[in-house]
Amino acid sequence: MTIVVLTIVIASTILFNFLRKEEVKRVDILVTALKFQQEVKVPSLEIQALLLQIYSSNTTIPVIILDKDGQIIEHKNIPQDIENNSAEIVALANKMAKNYPPIEIKVPNANNQFVYYDNSELLNNLRYSPYILGFFILCYFLFSFWFLRTIKKTDEGYLWAGLAKETAHQIGTPLSSMIGWMEIMKLDTPDSEGVHEIEKDIERLRTISERFSKIGSVPELNDKDFNSTIQENYDYLKTRISRKINFGLHLPNYTILVPHNKILMSWVIENLVKNAVDAMKGEGSISMSVLERNKNIVVEVQDTGSGMTKQQARNAFKPGYSTKKRGWGLGLSLAKRVIQEYHNGDIKISQTEIGKGTTFRITIKKG
């Protein structure tokens with residue numbers, strides 16, 4: 001694209017310079033004719049006709065002829081609004097002299113004449129045409145790039161949504177069977193701790209299935225108590241991560257009301273915490289905090305893991321990208337979709353350093 005635009009600009013510039021030189025030649029011919037008219041006292045009719053033809057053939061190039069005292073002798077092709085204003089005509093001649101030095105015509109009585117001239121209006125307009133054309137071509141390519149990228153993102157969105165819903169459907173069948181067997185186990189050993197724990201995990205699987213089923217559809221943001229959502233996630237995750245990890249939560253001592261979808265927001269938090277656990281290889285510290293800034297709610301998940309390179313941080317939210325040997329690399333991509341498209345917020349890596357850890361930041365408007 002850049003090569004095409006530069007080629008057009010260069011070609012147009014060459015054309016402009018060629019036309020400018022041609023106009024200068026026409027002015028030289030005109031001056032030569034005027035000089036000849038001054039030198040020949042009684043020119044023949046044929047010469048007079050030729051001189052008149054040369055003079056009248058100029059219908060575009062502005063020309064002003066002044067004597068040595070600055071008095072106007074002749075002018076042609078100048079703006080109509082100054083044709084009767086001597087001061088403005090002289091001012092225009094001085095302006096022309098900045099672009100092209102005036103051509104002197106020596107006359108017998110020593111009252112030499114000076115021919116001032118400039119580019120024609122067409123040539124002046126042509127000077128900017130390559131840039132205007134290049135601008136429109138650039139806009140066209142940018143629009144094409146945006147259009148193709150939008151189509152690609154839409155296709156990717158449909159792909160991930162279809163994949164998520166199919167996953168929810170596949171989980172649903174064995175989950176229903178597990179729920180049935182759980183009811184039978186409860187009849188035999190209703191007070192068994194193992195039965196209760198399995199029941200919690202089955203409920204968790206039901207939540208996961210519901211999360212996947214919501215991807216691709218517009219979720220309802222019915223939940224309000226944001227602190228409660230974060231606290232529930234913290235309580236669940238703390239019992240299921242390694243005891244070698246120091247897991248802390250910092251919440252405001254007042255209620256924060258933010259419209260959100262509890263199931264999807266829990267999924268985002270769980271993804272960030274699991275990424276942090278993987279980055280620390282099961283040992284270290286995770287700090288999760290919620291704070292209020294102006295009209296936004298900010299959630300930060302900070303770990304003391306291995307950190308990321310700049311390239312890894314740039315690609316972290318891209319679908320399919322993962323630094324781990326297992327997994328599909330969809331967790332952070334889907335988390336970004338949940339925050340940006342469903343909650344009108346933003347999620348990013350606010351800080352990361354190799355060997356020192358990473359901080360993810362979620363920002364959501366209060367509503």
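The residues of the chain are indexed from 1 along the displayed sequence.
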Exercise. Ring pair (Phe, Tyr, Trp, His ring centres under 6.0 Å): which pairs involve residues 228-252, sequence neighbours left out?
Worked result: Tyr234-Phe247
For this session: Kindly say whether Lys318 contributes a backbone atom to a donor-acceptor pair with the side chain of Ser333 at under 3.5 angstrom?
Result: no
Problem set entry | Apart from Phe114 itself, residues in the same hydrophobic cluster as defined by side-chain heavy atoms under 4.5 Å | Ile64, Leu66, Ile72, Ile78, Ile82, Ile89, Val90, Leu92, Met96, Tyr116
Exercise. Donor-acceptor pair, His343 side chain versus Val338 backbone, under 3.5 Å?
Worked result: yes
Exercise. If you look only at pairs with a residue in residues 81-105, which of them pass as a ring pair (Phe, Tyr, Trp, His ring centres under 6.0 Å), with sequence neighbours excluded?
Worked result: Tyr100-Tyr117
For this session: For residues Tyr254 and Asn227, determine if any side-chain heavy atom of one lies less than 4.5 Å from a side-chain heavy atom of the other.
Result: no
Problem set entry | CG (Asn99) with more than 12 external heavy atoms under 6.0 Å | yes
For this session: Measure the CG-CE distance between Leu249 and Met288 for me, rounded to the nearest 0.5 Å.
Result: 5.0 Å
Exercise. Between Glu341 and Lys336, is there a side-chain N and carboxylate O pair less than 4.0 Å apart?
Worked result: no
Exercise. Hey, are Glu292 and Lys366 close enough for a salt bridge, meaning a charged N less than 4.0 Å from a carboxylate O?
Worked result: yes
Exercise. Do Ser350 side-chain atoms and Thr359 backbone N/O form a donor-acceptor pair below 3.5 Å?
Worked result: yes
For this session: Output yes when a side-chain donor or acceptor of Asn77 lies under 3.5 Å from a complementary backbone atom of Ile61, and no otherwise.
Result: yes
Problem set entry | side chain to side chain contact (heavy atoms under 4.5 Å, CB included) evaluation trace for Thr229 with Ser266 | CA-CA 7 Å; Thr229 299; Ser266 299; 3.9 Å; yes
Problem set entry | Closest contact, heavy atoms only, Gly307 versus Gln312 | O-OE1, 4.3 Å
Exercise. Do Phe317 and Ile347 come close enough that some side-chain heavy atom pair is under 4.5 Å?
Worked result: yes
Exercise. Distance from Ile256 atom CD1 to Ile230 atom CD1, nearest 0.5 Å?
Worked result: 9.0 Å
For this session: Before giving the answer on side chain to side chain contact (heavy atoms under 4.5 Å, CB included), spell out for Ile245 and Met280 the whole-Å C-alpha distance, their side-chain angles and the decisive distance to 0.1 Å.
Result: CA-CA 9 Å; Ile245 294 177; Met280 294 186 298; 3.9 Å; yes
Exercise. Is a side-chain donor or acceptor of Asn261 paired with a backbone partner of Asp223 at a separation under 3.5 angstrom?
Worked result: no
For this session: Look at the side chain of Asn85 and the backbone N and O of Glu88, then say whether any donor-acceptor pair between them is shorter than 3.5 Å.
Result: yes
For this session: With the side chain counted from C-beta on, respond yes when Asp303 and Leu272 share a heavy-atom pair under 4.5 Å apart, and no when they do not.
Result: no
